[in-house]
Amino acid sequence: MKVVFLGTPDFAVPSLDALHEKYGVSAVICQPDKAKNRKGEIIFGAVKQRAIDLGIPVYQFNKIREEGVQILKELAPDIMITCAYGQILSQEILDIPKYGILNVHGSLLPKYRGSAPIQWSIIDGEEKTGVTIMKTAIGMDTGDMVSACEVKIEDDMYLEDLYNVLKTKGAQLLIDTIDEYVSGKIVPVPQNEDEASKCRMITKEDAKIDFCACAKDIRNKIRGLGYGYFLYNNEPVKVYKAEIGSGKGVSGKILSHSKEGVEIACKDASVLFTELQMPGKKRMGAKDFINGVKMSGEVL
RNA sequence: CGCGGAGUAGAGCAGAUGGUAGCUCGUCAGGCUCAUAACCUGAAGGUCACGAGGUUCGAGUCCCGUCUCCGCAA
């Protein structure tokens with residue numbers, strides 16, 4: 001079976017690996033290179049890099065709906081798999097593969113359609129999420145569902161943790177599903193539109209901590225985004241780990257500053273930051289952080 | 001060549017106007033204590049990123065070059 005894979009970031013790498021091992025992937029399509037490091041050198045996306053290592057031909061289109069159609073037709077895949085590719089496909093493309101296109105999505109559809117389902121599921125304090133394999137359709141993650149796998153969101157999971165679990169589960173589910181899908185044993189099920197929800201993209205602003213919020217929400221946000229930040233002396237202080245404290249005070253007041261962490265009051269309690277970073281400095285644990293940065297009892 | 005910060009004891013930081021380096025934590029030894037991550041005393045530990053570079057009587061501190069790390073932007 002001829003498989004063409006479309007994906008860009010590292011979330012898609014396990015799926016690419018799994019597919020390639022089982023079926024052999026004849027071509028990989030990913031977004032154009034745009035990431036650069038501080039020196040201005042171009043950094044390849046994780047999928048592109050992986051494809052090169054595996055010796056799979058890579059194609060990149062600014063607009064796959066225009067530039068990619070012809071090539072895709074020539075590739076004549078039996079099935080195409082998308083996983084965090086980053087571009088909207090057209091009906092013309094959807095019609096190319098004999099078995100259509102399957103997508104790996106990081107949520108339990110129809111909830112959390114959209115671009116950052118993993119982040120939002122944690123931010124919202126969900127207790128579970130998962131991955132869904134569905135048919136890629138024209139709408140935003142609206143295709144009929146083929147299979148799904150549930151994952152519990154543990155209280156100590158941060159974005160990176162959940163992300164890693166889901167990308168692995170996604171890859172596993174994908175290869176466990178394809179054969180049955182292709183052979184017709186699985187009949188795709190339409191999504192229940194009444195239960196659908198769509199999450200919006202994450203912006204820089206989302207990472208700014210609002211101390212007027214509840215401790216749990218602040219912590220969930222940091223967990224979901226992987227970090228958060230607040231301004232101290234006009235400089236952004238990034239925080240990577242947070243626990244809920246019992247301190248009370250005016251929202252934004254720095255309650256304590258110890259090896260345990262930097263504790264700041266919020267709406268209903270306090271949050272204790274145990275891993276932080278000053279601009280230009282390295283990320284470090286509270287013990288090291290407070291050794292160099294002395295924060296007094298001011299209010300942010 | 002996108003903007004900017006930084007490389008000083010194991011770790012985190014200080015070191016105006018240049019004169020061979022300090023603090024906090026940690027470590028080790030001893031003490032106190034029922035005990036301790038608490039406290040007391042003492043000790044070890046640094047060619048101050050690199051370049052047998054430049055200026056100088058003398059540079060961590062000024063100038064030049066290189067490497068590495070990081071924040072922002074992308």
Measuring only the [atom1] atom in each nucleotide, how far is [N] from [M]? A whole number of Å is fine.
{"N": "B:rG10", "M": "B:rA73", "atom1": "P", "answer": "35 Å"}
{"N": "B:rU61", "M": "B:rU20", "atom1": "C1'", "answer": "12 Å"}
{"N": "B:rG60", "M": "B:rG26", "atom1": "P", "answer": "30 Å"}

| note | Result for 5'-nearest mapping on RNA chain B, choosing between A:Asn291 and A:Met284, is A:Met284
| said: Checking side-chain polar atoms at under 3.5 Å, does A:Gln60 have a donor or acceptor matched by the opposite partner on A:Gln31? | reply: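 No, A:Gln31 and A:Gln60 have no side-chain donor paired with an acceptor closer than 3.5 Å.
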| message | Counting the atoms with a prime plus P, OP1 and OP2 as sugar-phosphate, which does A:Gly292 contact under 4.0 Å by heavy atoms, base, sugar-phosphate, or nothing? | response |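 The answer is sugar-phosphate, as A:Gly292 gets under 4.0 Å only of primed atoms, P, OP1 or OP2.
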| How is A:Lys36 classified with respect to the nucleic acid when contacts are heavy atoms under 4.0 Å: base, sugar-phosphate, or nothing? | base
| note | The Watson-Crick or G-U wobble partner of B:rG4, with both key distances under 3.5 Å, is B:rC70
| Between A:Phe11 and A:Tyr163, does the ring centre distance come in under 6.0 Å? |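 Yes, the ring centres sit under 6.0 Å apart.
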| message | Rounded to the nearest 0.5 Å, what separates atom NE2 in A:His105 from atom CD1 in A:Ile118? | response | 8.5 Å
| task | Establish, for the pair A:Lys241 and A:Tyr158, whether the NZ or CZ atom is under 6.0 angstrom from the six-membered ring centre and no further than 45 degrees off its axis. | result | yes
| No-H, no-angle donor-acceptor pair, A:Arg38 side chain to B:rG71 base, under 3.5 Å | yes
